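Both counts, for ligands and for their atoms, begin at 1 and track the order of listing. Just so it is clear, the structure is predicted and the values come from calculations on it, not from any experiment.
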Amino acid sequence: TREENAVPRVAVVVCLLKGKTVLLGRRRSSLGDSTFSLPGGHLEFGESFEECAAREVKEETGLDMEKEKIELLRVTNNLFVEEVKAYHYVGIFMRAMLTDDDHREPQNVEPNMCDGWDWYEWDCLPQPLFWPLQNAVEAGFNPFHASP
Ligand code: 8DG
Ligand code: MG
Ligand code: MG
């Protein structure tokens with residue numbers, strides 16, 4: 001059943017690319033537990049998408065990404081209807097890249113929320129993907145080809 005006061009929330013997620021790979025981690029969360037998802041989280045009041053993306057990447061991986069180099073790729077509308085609760089997220093997919101000479105590695109800063117980060121090729125994504133990410137992939141989303 002829907003909660004009477006439920007509202008859509010904005011989620012900013014980041015496709016952090018390095019060469020031919022993208023960064024994913026296995027979630028530890030009541031929503032999408034044990035599925036692979038992008039770093040990201042909720043847009044805070046007053047933030048730009050780029051600021052939110054940089055903040056979430058920093059909070060979750062320890063990596064400092066310049067917000068000027070983060071770009072908007074796609075917007076999706078996601079409804080999760082569970083037995084007891086419904087969630088409605090507007091998903092803002094951003095892209096940031098590590099250059100080939102940048103050898104910084106992500107740290108698992110929030111080990112209670114993520115099993116750890118790893119780099120995956122788009123043709124060989126781990127399963128299962130977090131549902132909104134799976135949907136985007138099935139709809140043809142590809143952060144290596146998408147242009148903002
Ligand atoms: P915050 O408190 O740091 O703001 O949030 P979080 O604890 O990091 O939240 P999250 O669950 O990682 O992200 C917020 C919501 O974003 C999540 O519950 C559903 C939505 N979301 C998508 N797609 C993705 C995705 O690929 N990765 C992540 N992390 N969240 C996603 O719709
Ligand atoms: Mg998160
Ligand atoms: Mg977060």
Only pairs under 3.5 Å count here: list side-chain donor-acceptor contacts from residues 72-79, not counting sequence neighbours, and write none if there are none.
unit_1 : atom_1 : unit_2 : atom_2 : d
Thr76  : OG1    : Asn78  : ND2    : 3.1
Asn77  : OD1    : His88  : NE2    : 2.6

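- Looking only at side-chain heavy atoms (C-beta outward), Thr61 and Val109 stay at 4.5 Å or farther from each other.
- Below 3.5 Å of separation, one finds an N or O of Arg27 facing an N or O of ligand 1.
- Counting protein heavy atoms only, atom 20 (C) of ligand 1 is closest to Ala11 CB, 3.4 Å.
- Using a cut-off of 4.0 Å between Lys/Arg side-chain N and Asp/Glu carboxylate O, Arg55 and Glu59 are scored as salt-bridged.
- The ring pair (Phe, Tyr, Trp, His ring centres under 6.0 Å) pairs that include a residue from residues 95-125 are Phe36-Tyr120, where partners are two or more places apart or lie in different chains.
- Among all non-hydrogen protein atoms, the one lying nearest atom 3 (O) of ligand 1 is Glu56 OE2, 3.0 Å.
- In terms of protein heavy-atom proximity, atom 12 (O) of ligand 1 is nearest to Gly40 O, 3.1 Å.
- The nearest pair of heavy atoms linking Gly32 to Phe130 is CA-CE1, 3.6 Å.
- The shortest separation from a heavy atom of Glu44 to ligand 1 is not under 4.0 Å, leaving the residue out of contact.
- Using a 4.0 Å cutoff on heavy atoms, Glu60 counts as a contact of ligand 1.
- One finds the CZ atom of Phe49 at 13.0 Å from the CD1 atom of Ile70 (value rounded to the nearest 0.5 Å).
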Is there a salt bridge (Lys or Arg N to Asp or Glu O under 4.0 Å) between Arg28 and Glu110 once you walk through the steps? CA-CA 10 Å; Arg28 286 298 161 213; Glu110 297 179 332; over 6 Å; no

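- In terms of protein heavy-atom proximity, atom 25 (C) of ligand 1 is closest to Val13 CG1, 3.3 Å.
- Between Lys18 and Glu105 a salt bridge is recorded (basic side-chain N to carboxylate O distance below 4.0 Å).
- Looking from atom 21 (N) of ligand 1 to the surrounding protein, the closest heavy atom is Phe130 CE2, 3.7 Å.
- Within ligand 1, the atoms closer than 4.0 Å to a non-hydrogen atom of Leu31 are 18 (O), numbered from 1 in the order shown.
- Atoms CZ and CG, on Arg26 and Asp118 in that order, are 11.5 Å from each other to the nearest 0.5 Å.
- One option in Pro132, Cys52, Cys15, Gly41 has a heavy atom closer to atom 22 (C) of ligand 1 than any other, and that option is Pro132.
- Between atom 19 (C) of ligand 1 and the options Phe36, Phe93, Trp131, Tyr89, the minimum heavy-atom separation is to Tyr89.
- Panel detail: the Mg ion (ligand 2) has protein N, O or S atoms under 2.8 Å away, 2 in number.
- For His42, a nitrogen or oxygen atom sits less than 3.5 Å from a nitrogen or oxygen atom of ligand 1, counting backbone and side chain alike.
- Protein heavy atom closest to atom 7 (O) of ligand 1, with residue, atom name and distance, is Met113 CE, 3.1 Å.
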Take Arg27 and Asp33, measure what salt bridge (Lys or Arg N to Asp or Glu O under 4.0 Å) needs, and give me the verdict at the end. CA-CA 5 Å; Arg27 293 171 70 76; Asp33 190 50; over 6 Å; no

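- Across all non-hydrogen atoms, the minimal contact from Cys114 to Asn108 is O-ND2, 2.9 Å.
- Considering backbone and side-chain atoms alike, Leu38 places an N or O below 3.5 Å from some N or O of ligand 1.
- The side chain to side chain contact (heavy atoms under 4.5 Å, CB included) test applied to Asp64 returns Lys58, Arg104, not counting sequence neighbours.
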